[in-house]
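Working notes, beginning with the structure itself.
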Amino acid sequence: MKSLDVITIGRSSVDLYGLQVGGRLEDMGSFNKYIGGSPTNIACGAARLGLKSGLITRVGDEHMGRFIREQLTREGVDVGGVVTDPERLTALVLLGIRDEDTFPLIFYRENCADMALCEDDIRRDYIASARAVVVTGTHLSNPRTEAAVLKALGFARESGARAALDIDYRPNLWGVAGHGEGESRFVASREVTQKLQSTLHLFDLIVGTEEEFHIAGGTADTVAALKAVRAVSSATLVCKRGAKGAVAFEGAIPDNLDAGISGEGFPIEVFNVLGAGDGFFSGLLKGWLDGEDWPTSLKYANACGAFAVSRHGCTPAYPSLEELEFFLKRGVKRSDLRNDQAVEQIHWSTNRHRNHGQDWSDYRIFAFDHRIQLEQMPGYTLEKGGAFKELCLQAAVQVQAGRSGYGILCDNRIGRKALHAASGAGLWIGRPCEWPGSRPLTLEPELGSDYGGLAEWGRDNVVKVLCFCHSDDDAATRADQEATVKRLFEASRRNNLEFLLEIIPSKVGPVNDETTAILIRQFYEIGVFPDWWKLEPMKTATGWSNAIAAIEENDRHTRGIVVLGLDAPEAELAASFEVAAGFSLVRGFAVGRTIFGDVARAWMNGEIKDAAAVEEMARRYRRLSSIWDEARTAAREKAA
């Protein structure tokens, strides 16, 4: 048994993707940052499809290199082969979408880290841990990187691993086109053809577009090029033909491409072809390594390529296995896949990331996002409020002690310094949007009337909104509040931010075991799919069962529920935890004033010092965490 299914080798970069679609790269003013480079994309795409993938590359010892390493981990890609280069910068790519045929692209790769990959970076034991090795053509363009690739292929043969080549021809990366021709996909070169042909016999699978087989075969006649490749390699050849799909050739090359093995294709509107080939290769690997026949493997590949051409970015566009299976079963409902709401919901919910590999099944959240409650305390000033929230963060970090499953709720209006300081601390971070106490719901002015302020939020912030609503609300109130929540939800998705919806019907009117469930269904009915729900504690198991059923019948991929505290005393919270902990979809608690309320009042009045305030809040937070953990353990033991 091998620990990895596939290891990819070669380029790894940061892609800065222009957000203004339809314009020149010269005119683009904002960009999204993704990881890129064909081997990196393929490793991520394969991991999303359930394959255990690893990557061999180099990154710089700087912020972008750390971003790549961290993002690979979030994607579930093994980074045991990623080397940090102390001298060179991480590669950078600027790219954009002009129209369906034009995709301007600039490679910043002068003496970049991944082109310093060398033989010393290739470990026999790491290659032996994989069932297959995938290399891309760019790393055959330089003697140092070529030597590393050949060493890896030698180790692959020794260990019985299969070898695959993505021709991945970029003329300017081979030095046969200028810096301004990054978009170019073909320039004839006898030297490039000779170099490729000297290695083609080493592979079991070779994949390329028609133009890529032209460079590998040394002729612009596709059939003749494939025959030239076949003359030096017995590999299965997979030729990508754009809208015509792809064909595979296991043996002799026929005189007509249509005579090759094909798989089901998908009529999809082309939005962005960049990275589509890497998505295709990921799907192909899924079939190839799972032992599927070529028609099935090509169907997977075509579907993954279809997702890629329909979305912005490369790796972010690739599907999860569940998304792929849903798409293949249901079929194409609309050609612009990025606007297919059912597919996009599955795409979002099965590909969002938070600390891959860590256990986040239980969340213990210290909520100090309160604003009006602090502002009404004697002695409060904005400066003192901000300073107190920094003490709250210190208490949270003290209890967390580097462990997963802990978090905070903190606002930006009073707690800005604490909010910013929390970034990167390994905490779950929720940030409120509602204007405190508002009904009908209104939002913090900093968001702007178009909610454009979300563009300035950190990507690790969860958008939290509290809506005081009730199943008995009149039609006008319900419509008003639902419209605000829906706009905020859509703006959150547009900015790649997770969304938490908090509802507290008991503050509006009397409640029963059905009230919360009715409200949950109403929000799903208008197309709001919260990543998180924050619900008030329900006194009966029936109330929880009804609420959870309302969620699960609409969204099987929700992150879960956290229970709010409502300033309840510890004994009352313990009783509510005992009921809630019996439901696995309830992930934990988000409690505030029970932890900080009395401490804040004493601190504002100068009755206790900073250290004592931190210590007391940490004690209370730690105690609540223990109560939750004990309740959860008891519930699991009872269920077992």
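This chain uses plain numbering: 1 for the first residue, then up along the sequence.
Distance CD/Gln522 to CD1/Ile520: 10.5 Å, rounded to 0.5 Å. Rounding to the nearest 0.5 Å places CG of Asp567 at 10.0 Å from CD of Glu572. Put simply, CD1 on Ile408 and CD1 on Ile365 are 10.0 Å apart, with the number rounded to the nearest 0.5 Å. For the atom pair OH of Tyr451 and SG of Cys433, the computed distance is 9.0 Å after rounding to the nearest 0.5 Å. Rounding to the nearest 0.5 Å gives a distance of 9.0 Å between OG1 of Thr350 and CD of Gln345. Note: Phe326 CZ to Leu324 CG = 12.0 Å, rounded to the nearest 0.5 Å.
Between Phe327 and Leu337, some side-chain heavy-atom pair lies under the 4.5 Å cut-off. Inter-residue side-chain proximity for Tyr363 and Trp532 is flagged as met; some heavy-atom pair is nearer than 4.5 Å. With contacts defined as side-chain heavy-atom distances shorter than 4.5 Å, the pair Lys417/Leu393 does not qualify. When side chains are defined from C-beta on, Leu573 counts as touching Val591, because their heavy atoms get closer than 4.5 Å. Put simply, the side chain of Ile7 reaches to within 4.5 Å of the side chain of Ser129, judged on heavy atoms. Considering only heavy atoms from C-beta on, Leu409 stays 4.5 Å or farther from Phe368 through its side chain. Between Arg493 and Phe499, every side-chain heavy-atom pair lies at or beyond the 4.5 Å cut-off. The shortest distance between side-chain heavy atoms of Ser625 and Arg622 does not fall below 4.5 Å.
The aromatic rings of Trp603 and Phe388 sit tilted, their planes meeting at an angle between 30° and 60°. Between Tyr406 and Tyr621, the angle of the ring planes goes over 60°, which puts this pair in the perpendicular group of the 30/60° scheme.
One finds no salt bridge joining Lys299 and Glu292 here, because no Lys/Arg side-chain nitrogen approaches an Asp/Glu carboxylate oxygen to under 4.0 Å. Glu482 and Arg478 are joined by a salt bridge, as a carboxylate oxygen and a charged side-chain nitrogen come within less than 4.0 angstrom of each other. The existence of a salt bridge linking Glu344 and Arg338 is excluded, since no basic side-chain nitrogen approaches an acidic carboxylate oxygen closer than 4.0 Å. Of the charged side-chain nitrogens involved, none lies within less than 4.0 Å of a carboxylate oxygen, so that Glu578 and Arg632 do not count as a salt-bridged pair. Using a 4.0 Å cut-off between charged side-chain N and carboxylate O, Asp5 and Arg131 make a salt bridge. Using a cut-off of 4.0 Å between Lys/Arg side-chain N and Asp/Glu carboxylate O, Glu323 and Arg311 are scored as salt-bridged.
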Ile504 vs Leu564, test: side-chain contact (heavy atoms from CB on, under 4.5 Å). Steps then yes/no. CA-CA 9 Å; Ile504 312 181; Leu564 57 93; 3.9 Å; yes
For side chain to side chain donor-acceptor pair (under 3.5 Å), just list the numbers for Asp480 and Thr477, CA-CA rounded to whole Å, side-chain angles, deciding distance to a tenth of an Å, and then say yes or no. CA-CA 5 Å; Asp480 187 326; Thr477 300; over 6 Å; no
Decide side chain to side chain donor-acceptor pair (under 3.5 Å) for Ser506 and Glu536; before the verdict, give the C-alpha distance in whole Å, the side-chain angles of both, and the deciding distance to 0.1 Å. CA-CA 8 Å; Ser506 69; Glu536 60 184 317; 2.5 Å; yes
Check the pair Arg521 / Glu525 against salt bridge (Lys or Arg N to Asp or Glu O under 4.0 Å), numbers first and verdict last. CA-CA 6 Å; Arg521 289 190 175 93; Glu525 286 170 5; over 6 Å; no
Hey, mind stepping through Glu498 and Arg459 against salt bridge (Lys or Arg N to Asp or Glu O under 4.0 Å) and telling me if it holds? CA-CA 9 Å; Glu498 292 189 18; Arg459 289 293 179 88; over 6 Å; no
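Taking the six-membered ring wherever Trp is involved, the centroid distance between the rings of Phe596 and His370 falls below 6.0 Å. Tyr524 and Phe529 have their aromatic ring centers within a separation under 6.0 angstrom.
A cation-pi contact, defined as under 6.0 Å to the ring centre and within 45° of the axis, is absent between Arg559 and Trp533.
The shortest non-hydrogen separation linking Gly279 to Cys304 is O-CB, 3.2 Å. When all heavy atoms of Trp288 and Ala132 are compared, the pair lying nearest together is CZ3-CB, 4.3 Å. Across every non-hydrogen atom of Lys2 and Ser159, the tightest pair is NZ-O, 2.9 Å. Considering every non-hydrogen atom in both Ser471 and Ile518, the closest pair reads CB-CG2, 3.7 Å. When all heavy atoms of Ala580 and Val586 are compared, the pair lying nearest together is O-CB, 3.6 Å. Pairing each heavy atom of Pro537 with each of Ser576, the nearest pair is CB-CB, 3.5 Å.
The only option from Ile503, Leu501, Asp473 that meets the side chain to side chain contact (heavy atoms under 4.5 Å, CB included) definition with Leu519 turns out to be Ile503. Partner Glu570 forms a salt bridge (Lys or Arg N to Asp or Glu O under 4.0 Å) with one of Arg619, Arg593, Arg620, Arg623 and no other, that one being Arg623. When the options Lys464, Arg431, Lys389, Arg416 are evaluated for a side chain to side chain donor-acceptor pair (under 3.5 Å) with Asp411, the one that passes is Lys389.
Using a distance-only test at 3.5 Å, with no hydrogens or angles considered, a donor-acceptor pair links the side chain of Glu434 to the main chain of Leu466. The backbone N or O of Leu321 lies less than 3.5 Å from no partner atom in the side chain of Arg48, so there is not a single donor-acceptor pair. In this structure, the side chain of Thr594 engages the main chain of Ala568 through a donor-acceptor pair within 3.5 Å.
With sequence neighbours excluded, the residues that form a side-chain hydrogen bond (donor to acceptor under 3.5 Å, both in side chains) with Arg69 are Thr84. For Gln481, there are no side-chain hydrogen bond (donor to acceptor under 3.5 Å, both in side chains) partners two or more places apart in sequence or in a different chain. For Asp555, there are no side-chain hydrogen bond (donor to acceptor under 3.5 Å, both in side chains) partners at least two apart in sequence or on another chain.
Residue Glu375 places its CD atom among more than 12 non-hydrogen atoms of other residues, nucleotides or ligands, all under 6.0 Å distant. Counted within 6.0 Å of CD on Glu264, heavy atoms from surrounding residues, nucleotides or ligands total more than 12; the atom is thus considered enclosed. Atom CD of Glu553 is surrounded by more than 12 heavy atoms from other residues, nucleotides or ligands within 6.0 Å.
Side-chain atoms of Glu514 and Asn546 form a donor-acceptor pair, as typed in the model, at a separation below 3.5 Å. Asn512 and Thr515 share a side-chain donor-acceptor pair at under 3.5 Å. For Tyr34 and His312, the side-chain atoms include at least one donor-acceptor pair closer than 3.5 Å. No donor-acceptor contact under 3.5 angstrom links the side chains of Trp457 and Asn495, judged on distance only. With no hydrogens or angles considered, a side-chain donor-acceptor pair links Asp531 and Trp348 at under 3.5 Å. Under the 3.5 Å distance criterion, with hydrogens and angles disregarded, a donor-acceptor pair is assigned to the side chains of Arg74 and Gln71. Residues Asp629 and Ser626 bring no donor and acceptor atom of their side chains to less than 3.5 Å of each other.
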